[in-house]
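What follows is a short report on a single structure.
On a predicted model such as this, the values are computed, not experimentally measured, just so you know.
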Amino acid sequence: MKLQKPKGTQDILPAESAKWQYVEGFAREIFKRYNYAEVRTPIFEHYEVISRSVGDTTDIVTKEMYDFYDKGERHITLRPEGTAPVVRSYVENKLFAPEVQKPSKFYYMGPMFRYERPQAGRLRQFHQIGVECFGSSNPATDVETIAMAAHFLKAIGVQGVKLHLNTLGNPESRAAYRQALIDYLTPMKDSLSKDSKRRLEENPLRVLDSKEKEDKAAVENAPSILDYLDEESQAHFDAVRQMLKNLGVDYIIDTNMVRGLDYYNHTIFEFITEIEGNELTVCAGGRYDGLIAYFGGPETAGFGFGLGVERLLLVLEKQGVALPIENALDVYIAVLGEGANIKALELVQALRQQGFKAERDYLNRKLKAQFKSADVFAAKTLITLGESEVESGRVKVKNNQTREEIEVSLESISQNFTEVFEKLGF
């Protein structure tokens with residue numbers, strides 16, 4: 001059997017992983033400004049953590065979960081999304097205690113798993129960056145979180161992004177709308193897709209989100225959630241819209257957008273961009289005020305979003321956005337002769353301890369091959385160290401771009417290479 005990666009997974013090789021690190025570092029920096037702190041949850045959870053929160057009727061639970069029984073006969077699943085594990089952690093660790101500052105703001109990043117048909121930007125093991133804010137029902141929290149997502153996407157270089165906005169109202173509004181939707185769709189049930197026939201019984205709002213041609217036609221004249229909002233739900237949505245306007249964040253109201261998970265209420269949103277004629281969601285989320293109580297915690301408001309790293313990188317690549325990845329070496333040491341081996345090791349370590357990115361030759365190659373390596377590594381400076389340099393204690397350091405050279409002592413390289421580096425124009 002040929003050993004290879006499982007279907008729907010990928011190896012992220014060094015040239016690509018530099019882009020991943022850049023995106024993750026960029027997210028950390030933006031989130032820090034909004035006072036978010038990182039939380040890391042297990043990659044696998046008890047099955048009920050996901051099935052009960054995401055919803056037993058969602059495609060994630062019915063079709064896509066990687067679940068199994070472990071050796072202790074516990075029903076386990078690889079996490080398919082990030083919110084439910086963070087909520088579980090929040091409740092289990094009693095982060096709702098009075099002494100903990102509110103609202104509590106968390107971000108996470110890491111792999112998620114769904115058994116679905118692999119395609120560009122969507123894999124069975126995919127990676128998500130997400131945020132969750134607990135403890136504020138203020139519509140300003142909805143807007144701040146949406147604005148943070150907009151800030152991140154704009155700053156990292158995503159172009160042509162449009163914010164799609166909707167509300168699901170409170171449970172009462174949602175229940176009234178659910179019934180109106182059932183009444184509207186039932187007479188045309190036979191024309192719906194197989195999945196939507198099932199959804200009509202279990203979760204009719206999901207029919208609005210279907211990508212099937214027959215379902216799109218059926219919901220074209222469907223009633224709008226906006227006609228079923230009670231006073232509280234209307235006031236919340238109006239406040240969100242006004243605050244977005246105040247911050248200069250443009251949006252489109254999209255009443256067919258419902259999000260795929262059962263736990264949302266009030267504000268939901270997606271940031272969508274167009275790639276090669278196709279609309280792609282790059283970030284999505286919303287409010288979920290009932291989820292923490294559902295996990296056994298006190299009644300606590302929640303708001304958050306998630307974005308897929310693979311999809312974000314795909315969008316950036318298709319839009320021709322070059323991430324400013326710095327791969328160049330500061331110093332490459334070409335080593336000539338066995339007598340220079342020990343000194344080269346001491347020197348490269350001293351450079352690294354001073355904060356320089358440094359490499360040396362270990363393969364006893366000819367100088368020409370070593371110089372070629374220095375070019376491949378885009379080394380800014382080049383040191384050629386042979387036995388005569390070790391004996392004299394002096395060596396030439398070359399600017400590998402301008403070819404300018406200066407002669408310095410080995411001690412000055414070991415003690416203060418910054419001065420040498422600056423003399424060569426860096």
Original post:
How far apart are the C-alpha atoms of Glu270 and Thr281, what are their side-chain angles, what is the distance that settles it, and do they pass the side chain to side chain donor-acceptor pair (under 3.5 Å) test?
Top reply: CA-CA 6 Å; Glu270 293 186 13; Thr281 299; 2.8 Å; yes

**OP:** Consider only side-chain N and O atoms of Asp142 and His236, and report whether a donor and an acceptor are under 3.5 Å apart.
**Re:** yes

Subject >> Modelled atom types, side-chain donor and acceptor of Gln242 and Asn246, under 3.5 Å >> reply: yes

Subject >> Lys398 vs Glu404 side-chain heavy atoms within contact, under 4.5 Å >> reply: no

Original post:
When you check the side-chain N and O atoms of Arg174 and Ser233, is any donor under 3.5 Å from an acceptor?
Top reply: no

Original post:
Would you say the side chains of Asp215 and Ser196 form a donor-acceptor pair under 3.5 Å?
Top reply: yes

**OP:** Give, for atom CG of Asn341 and atom CD of Glu346, the distance between the pair rounded to the nearest 0.5 Å.
**Re:** 10.5 Å

Original post:
For the residue pair Phe303 and Phe134, is the inter-centroid distance of their aromatic rings smaller than 6.0 Å?
Top reply: no

**OP:** With Arg124 as the cation and Phe126 as the aromatic partner, state whether NZ or CZ is under 6.0 Å from the six-membered ring centre and within 45° of the axis.
**Re:** no

**OP:** Please confirm whether Phe426 and Phe421 have ring centers closer than 6.0 angstrom.
**Re:** yes

Subject >> Sub-4.5 Å side-chain heavy-atom contact between Ser373 and Asp361 >> reply: no

Original post:
Between the side chains of Tyr36 and Arg28, does any donor sit under 3.5 Å from an acceptor?
Top reply: no

Original post:
Just by modelled atom types, is the Thr141 backbone N or O under 3.5 Å from a matching donor or acceptor in the Thr145 side chain?
Top reply: yes

**OP:** Could you go through the ring-ring contact (aromatic ring centres under 6.0 Å, His included) check for Phe356 and Phe417 one step at a time?
**Re:** CA-CA 9 Å; Phe356 291 96; Phe417 189 69; 5.1 Å; yes

Original post:
How long is the gap from CG on Leu181 to CZ on Arg206, to the nearest 0.5 Å?
Top reply: 12.5 Å

Original post:
So, the side chain of Lys102 versus the backbone of Val100: is there a donor-acceptor pair under 3.5 Å, distance only?
Top reply: yes

**OP:** Could you walk me through whether Arg394 and Glu389 pass salt bridge (Lys or Arg N to Asp or Glu O under 4.0 Å), step by step?
**Re:** CA-CA 5 Å; Arg394 297 189 69 77; Glu389 283 82 8; over 6 Å; no

**OP:** Would you name the heavy atoms of Val91 and Gly297 that are closest together and state the gap between them?
**Re:** CG1-N, 3.7 Å

Original post:
side chain to side chain donor-acceptor pair (under 3.5 Å) between Thr83 and Glu132: does it pass, once the steps are laid out?
Top reply: CA-CA 7 Å; Thr83 298; Glu132 315 294 348; 2.7 Å; yes

**OP:** For Asn170 and Asn265, run side chain to side chain donor-acceptor pair (under 3.5 Å): C-alpha distance rounded to whole Å, both residues' side-chain angles, the deciding distance at 0.1 Å, then the answer.
**Re:** CA-CA 6 Å; Asn170 57 20; Asn265 66 298; over 6 Å; no

**OP:** Report yes if the side chains of Glu387 and Leu336 come closer than 4.5 Å at any heavy-atom pair, otherwise no.
**Re:** no

Original post:
Distance-only, no hydrogens or angles: does the Thr9 side chain make a donor-acceptor pair with backbone N or O of Lys5 under 3.5 Å?
Top reply: no

**OP:** Could you check if a side-chain atom of Phe377 sits within less than 4.5 angstrom of a side-chain atom of Lys380, using non-hydrogen atoms only?
**Re:** no

Subject >> Close side-chain approach of Val397 and Leu382, heavy atoms under 4.5 Å >> reply: no

Original post:
With respect to Tyr34, which candidate in His151, Glu144, Lys105 satisfies the side chain to side chain donor-acceptor pair (under 3.5 Å) definition?
Top reply: His151

**OP:** Using atom types as modelled and distance alone, determine if a side-chain donor or acceptor of Lys162 lies under 3.5 Å from a backbone N or O of Asp250.
**Re:** no

**OP:** Taking the side chain as every heavy atom from C-beta outward, state whether Leu247 and Val143 have any pair of such atoms under 4.5 Å apart.
**Re:** yes

Original post:
Is it true that Arg88 and Glu48 make a salt bridge, defined as a side-chain N closer than 4.0 Å to a carboxylate O?
Top reply: no

Original post:
Once the angle between the rings of Tyr107 and Phe31 is folded into 0 to 90°, is it parallel (under 30°), tilted (30 to 60°) or perpendicular (over 60°)?
Top reply: tilted

Original post:
With distance as the sole test, does Asp67 use its side chain to make a donor-acceptor pair with the main-chain N or O of Ile76 at under 3.5 Å?
Top reply: no

Original post:
CG of Asp254 to CG of Leu165: how many Å apart, nearest 0.5 Å?
Top reply: 9.5 Å

